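Have a look at the structure below, then the notes.
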There are 2 protein chains.
Amino acid sequence: MSTVNLTPTSHVVLGLIARKGPSTSYELKAAVANSIGNFWPFPHAQLYTEPARLAAAGYLNEEREEGGRHRRTYSITDSGRQALAEWIAAPTPTGYEVRDPGLLKLFFGDLAQAPSDLEALAAAQLEAHATRLEEYRELDRLLEGMGVHDHARTTLSFGLVYEEGAVRFWQQVQREHRERGSR
Amino acid sequence: MSTVNLTPTSHVVLGLIARKGPSTSYELKAAVANSIGNFWPFPHAQLYTEPARLAAAGYLNEEREEGGRHRRTYSITDSGRQALAEWIAAPTPTGYEVRDPGLLKLFFGDLAQAPSDLEALAAAQLEAHATRLEEYRELDRLLEGMGVHDHARTTLSFGLVYEEGAVRFWQQVQREHRERGSR
DNA sequence: ACCGTCATGTAATCGGTTACATGATTCT
DNA sequence: AGAATCATGTAACCGATTACATGACGGT
């Protein structure tokens with residue numbers, strides 16, 4: 001039972017298992033996919049290896065299914081529950097990262113050889129964000145209809161804020177680009 | 001001259017050197033720090049190792065200073081310039097990641113044992129984002145005063161959009177939390 | 001001469017990513 | 001029975017992060 005340091009991935013795994021009870025990696029994967037994974041992706045391989053790490057460190061118990069798929073089901077231990085509680089109560093780092101390839105490319109827009117490159121970038125980004133925004137809205141309406149008012153939905157509403165901002169931003173980029181082009 | 005695959009870090013290094021001319025890692029570090037590094041951090045160690053990788057792949061030339069600090073100055077090669085141009089012209093992946101520890105914790109807010117944990121989270125996040133917003137505004141005013149209208153400033157304006165959104169979001173979280181608490 | 005900071009790296013580790021691969025289940 | 005998809009992993013590589021460490025330079 002070695003000691004490991006807890007990464008965001010660890011907290012996601014611990015948190016989901018604490019919330020939903022004993023889970024398989026596949027269930028974790030599904031839970032992540034349509035919630036936090038929307039803007040903070042955790043590749044499925046991580047959700048298979050991470051519980052193993054946490055089990056080795058005593059934060060989870062692993063139980064192997066006998067027949068069939070030989071699934072591994074993980075449940076949280078007292079030690080795991082405590083680690084989770086400590087994380088939640090601890091001060092949260094205020095940093096954050098927005099890793100957006102579109103934004104990165106825009107940053108180097110002055111190096112583009114054809115102005116059309118920028119146009120294409122803005123158009124594609126705008127469309128993608130608009131689509132995503134619509135998806136989020138739909139999902140939010142759905143949750144509202146179901147009477148859901150939990151923290152997951154609150155988190156989703158951040159997604160809405162973000163996408164609205166992104167749409168406005170890329171529209172603005174388009175606008176300025178056109179003005180500059182026609183001048 | 002092995003072949004490597006180009007990561008975002010690679011593009012940042014290539015782009016900055018293409019834009020500013022021959023540079024040392026320290027200069028890259030400085031350039032990143034007050035621009036794109038604000039929301040997409042590239043640790044300084046990367047900016048020392050990555051140019052070496054790129055040089056080995058033929059995208060950069062490395063020149064070692066004789067005396068003094070024995071600095072390594074990297075300049076872009078034709079091959080590097082071409083790789084960069086291809087990247088800029090290529091379609092951009094539309095995905096993005098927002099890795100925000102505060103948001104992650106909020107997502108697990110239902111697991112908090114004391115409601116004060118959430119209050120503290122919201123208060124701290126709000127303050128941090130408000131501060132950052134003010135910094136961005138100041139920087140933007142400064143650039144405007146200098147007559148700067150480049151892509152770096154456009155990118156900064158995305159930061160403004162983001163921080164404004166974040167501030168509104170965390171205010172909203174606070175508000176809902178208070179209403180729920182007093183009910 | 002000394003001290004603090006600026007500057008420049010290296011080494012080691014480890015998590016994350018990609019790719020591969022196979023086993024169950026379900027549907028036709 | 002076969003195909004397609006769902007489900008469950010493993011392995012290898014490698015970039016990213018952390019920690020460590022030293023060297024130059026500027027000021028007192």
Side-chain angles (χ1 to χ4, degrees), chain A residues 2-14 17 22-34 36-37 39-57 59-60 62-74 93 95-97 99 101 104, chain B residues 2-14 17 22-34 36-37 39-57 59-60 62-74 93 95-97 99 101 104:
Chain A
S2 57
T3 168
V4 296
N5 68 330
L6 300 177
T7 68
T9 308
S10 316
H11 294 130
V12 166
V13 169
L14 287 175
I17 294 180
S23 308
T24 66
S25 288
Y26 188 75
E27 289 166 334
L28 296 177
K29 175 183 144 190
V32 164
N34 48 48
I36 190 75
F39 30 89
W40 193 332
F42 298 92
H44 88 276
Q46 287 286 108
L47 300 177
Y48 281 88
T49 56
E50 184 65 18
R53 267 185 80 222
L54 293 174
Y59 296 123
L60 296 177
E62 176 182 323
E63 195 184 348
R64 226 199 201 98
E65 195 182 43
E66 279 305 310
R69 302 190 171 210
H70 299 280
R71 292 189 190 88
R72 288 165 194 180
T73 300
Y74 297 94
Y96 65 86
E97 302 182 14
R99 302 183 178 195
L104 183 60
Chain B
S2 58
T3 167
V4 296
N5 67 331
L6 299 177
T7 67
T9 308
S10 316
H11 295 130
V12 166
V13 169
L14 287 175
I17 295 179
S23 309
T24 67
S25 288
Y26 187 76
E27 288 166 336
L28 296 177
K29 176 183 144 192
V32 163
N34 49 46
I36 190 73
F39 30 90
W40 194 332
F42 299 91
H44 88 277
Q46 286 287 108
L47 301 178
Y48 281 88
T49 56
E50 184 64 19
R53 267 186 78 223
L54 294 174
Y59 296 124
L60 296 178
E62 177 183 321
E63 195 183 347
R64 226 198 201 97
E65 196 183 44
E66 278 305 311
R69 300 186 173 214
H70 298 281
R71 290 190 191 88
R72 287 164 192 180
T73 299
Y74 297 93
Y96 65 86
E97 301 182 13
R99 302 185 176 191
L104 183 60

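Numbered from 1 within each chain, the chains take letters A, B, ... in sequence-line order. In this text the structure is predicted, and so the values were computed from the model without any measurement.
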Rounding to an integer number of Å, can you tell me how far [X] [atom1] sits from [N] [atom2]?
X: B/Glu27; N: C/dC6; atom1: CD; atom2: P; result: 16 Å
X: B/His70; N: C/dT10; atom1: NE2; atom2: C1'; result: 16 Å
X: B/Asn5; N: D/dG15; atom1: CG; atom2: P; result: 6 Å
X: A/Arg99; N: D/dG15; atom1: CZ; atom2: P; result: 14 Å
X: A/Leu54; N: C/dG15; atom1: CG; atom2: C1'; result: 13 Å
X: B/Lys29; N: C/dT5; atom1: NZ; atom2: C1'; result: 11 Å
X: A/Arg53; N: C/dC14; atom1: CZ; atom2: C1'; result: 8 Å
X: B/Leu6; N: D/dA16; atom1: CG; atom2: P; result: 11 Å

- Ignoring backbone atoms, establish whether B/Thr9 has a side-chain N or O less than 4.0 Å from OP1 or OP2 of D/dA16. yes
- Query: Among C/dT10, D/dA16, C/dT17, which nucleotide sits nearest the side chain of B/Arg72?
  - Reply: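 For the B/Arg72 side chain, the nearest candidate turns out to be C/dT10.
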- Sequence neighbours excluded, which residues qualify as salt bridge (charged side-chain N to carboxylate O under 4.0 Å, His left out) partners of B/Glu63?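 B/Glu63 satisfies salt bridge (charged side-chain N to carboxylate O under 4.0 Å, His left out) with no residue once adjacent residues are dropped.
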- Item | Spacing of CH2 belonging to B/Trp40 relative to CZ belonging to B/Arg99, to within rounding of 0.5 Å | 9.0 Å
- With sequence neighbours left out, write down each residue that passes side-chain contact (heavy atoms from CB on, under 4.5 Å) with B/Pro43, or none if nothing qualifies.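 Listed in chain order: B/Gln46.
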Pair up each side-chain donor or acceptor in residues 27-34 of chain A with any protein partner under 3.5 Å, not counting sequence neighbours, and list the distances.
residue, atom, partner, partner atom, Å
A/Glu27, OE1, A/Thr24, N, 2.8
A/Asn34, ND2, A/Ala30, O, 3.4

- Message: Tell me every residue that passes side-chain hydrogen bond (donor to acceptor under 3.5 Å, both in side chains) with B/Tyr48, counting only those two or more places apart in sequence or in another chain.
- Response: none
- Message: List the residues meeting side-chain hydrogen bond (donor to acceptor under 3.5 Å, both in side chains) with A/Glu50, not counting sequence neighbours, and say none if there are none.
- Response: A/Ser10, A/Arg53
- Name every residue in residues 41-50 of chain A that has at least one heavy atom under 4.0 Å from any atom of DNA chain D, in order of residue number, or write none if there are no such residues. A/His44, A/Ala45, A/Tyr48
